[in-house]
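We name chains A, B, ... by the order of the sequence lines, and we start the count at 1 in each one. A quick note: this is a predicted structure, and the numbers were derived from the prediction, not measured.
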Number of protein chains: 2
Amino acid sequence: MVQEERNIAAEVLKAMAHPIRLGVIEVLADGERTVTELYEELGCSQSMMSQQLKILCQQKLVAIRKEGTQKYCSLCNRDFLKLFDCMHLHLRTFLNFKD
Amino acid sequence: MVQEERNIAAEVLKAMAHPIRLGVIEVLADGERTVTELYEELGCSQSMMSQQLKILCQQKLVAIRKEGTQKYCSLCNRDFLKLFDCMHLHLRTFLNFKD
DNA sequence: CTCAGATATTATTATATTTTTATATTCAGC
DNA sequence: GCTGAATATAAAAATATAATAATATCTGAG
């Protein structure tokens, strides 16, 4: 990776590096969700969710399609779901997390 | 993942989400390096590198062993190297990055 | 003990992120 | 055109991160 790629990659990672945004990715792994469903499922405010979704969309981690008055969110790139496996391992092997 | 795990996972990701810290991980993928080697190879100041390494160590991404007056850095968890593959794909498929 | 090389810490300033609250926009249905 | 549900934006305050410069610590060699 060259310098410029690392800058962008850092931006993408930063977009994931937040509890709510990680939660969004995890929930969307299961399938499309409405904005309302997301903030209810993750227990945060509507405004909060809207702002976090914007960040995820900017990095093309989440895509949104409109349908009437609602918006449906889904993952752009399921490849990053591998990250949850690495993370699971990391939490248990390197940080002392029990099940 | 439960709430608390997401908080920790976000911390770990945040530790990776920085150009220099990503650079460190990438360089260390190739093998152990001295702190001096790292900051020369990545073109940043000694102080900068020391601070970034601290962050990587706190999240158990990098391990350090002492040998005389030098410190040798290496990766704790090579599993996260998969991330670079995902990222490579993401940069090219979703953000318009050419080779 | 002192020196020099290697690394760490501290302080500071600038900038960015997080979170909340309030307000605005959009759109389907009436 | 008005209403209400769904979503977005703006503003603000608190907190965190980034980057640099200056100084400190540690350790092996002599």
Open item on the list: As an exercise, state the distance from CD of A:Q59 to CD of A:E11, rounded to the nearest 0.5 Å.
Closed with: 6.0 Å

Open item on the list: Just verifying a value: how many Å separate A:I55 CD1 and A:L61 CG, rounded to the nearest 0.5 Å?
Closed with: 11.0 Å

Task: Modelled atom types, side-chain donor and acceptor of A:S47 and A:Q51, under 3.5 Å - done: yes

TODO: Could you tell me whether the side chain of A:T34 and the main chain of A:E37 form a donor-acceptor pair under 3.5 Å?
DONE: no

Task: Between C:dT17 (C1') and B:E11 (CD): distance, integer Å - done: 13 Å

Task: Min side-chain heavy-atom separation B:M16-B:I25 under 4.5 Å - done: yes

Open item on the list: Taking the side chain as everything from C-beta on, heavy atoms only, tell me whether A:Q70 gets closer than 4.5 Å to A:E67.
Closed with: no

Open item on the list: On DNA chain D, compare the nucleotides closest to A:T69 and A:K14; which residue's is nearer the 5' end?
Closed with: A:T69

- [ ] Could you state the atom-to-atom distance from CD of A:E67 to C1' of C:dC27 in whole Å?
- [x] 13 Å

Open item on the list: Looking at B:K71, I'd like to know whether one of its side-chain N or O atoms comes within less than 4.0 Å of OP1 or OP2 on C:dA6.
Closed with: no

TODO: Return the value, rounded to whole Å, for the distance between atom CD of B:E40 and atom C1' of C:dG5.
DONE: 12 Å

TODO: Ignoring the backbone of A:V35, work out which of D:dT7, C:dT7, D:dT27 is nearest its side chain.
DONE: D:dT7

Task: Within residues 42-61 of chain B: residues closer than 4.0 Å to DNA chain C (heavy atoms) - done: B:Q46, B:S47, B:S50, B:Q51, B:K54

TODO: Compare all side-chain heavy atoms of B:N77 with those of B:K60 and state whether any distance is below 4.5 angstrom.
DONE: no

Open item on the list: What residues from residues 19-31 of chain B pass a heavy-atom cutoff of under 4.0 Å to DNA chain C?
Closed with: none

Show me the donor-acceptor pairs, under 3.5 Å and distance only, between side chains in residues 92-99 of chain B and residues at least two apart or in other chains.
{"unit_1": "B:R92", "atom_1": "NE", "unit_2": "B:D99", "atom_2": "OD1", "d": "3.0"}
{"unit_1": "B:R92", "atom_1": "NH1", "unit_2": "A:E5", "atom_2": "OE2", "d": "3.2"}
{"unit_1": "B:R92", "atom_1": "NH1", "unit_2": "B:H88", "atom_2": "O", "d": "3.4"}
{"unit_1": "B:R92", "atom_1": "NH2", "unit_2": "A:E5", "atom_2": "OE2", "d": "2.6"}
{"unit_1": "B:R92", "atom_1": "NH2", "unit_2": "B:D99", "atom_2": "OD1", "d": "3.3"}
{"unit_1": "B:T93", "atom_1": "OG1", "unit_2": "B:L89", "atom_2": "O", "d": "2.8"}

Open item on the list: Rounded to whole Å, how long is the line connecting atom CD of A:Q70 with atom P of D:dA8?
Closed with: 11 Å

Task: Check: A:C73 and A:V24 side chains under 4.5 Å, non-hydrogen atoms - done: no

- [ ] Consider the side chain of B:K66, meaning its heavy atoms from C-beta on, and name the nucleotide among D:dC26, D:dA6, C:dG5 that approaches it most closely.
- [x] D:dC26

TODO: Using whole Å, report how far NE2 of A:H18 lies from P of C:dA16.
DONE: 18 Å

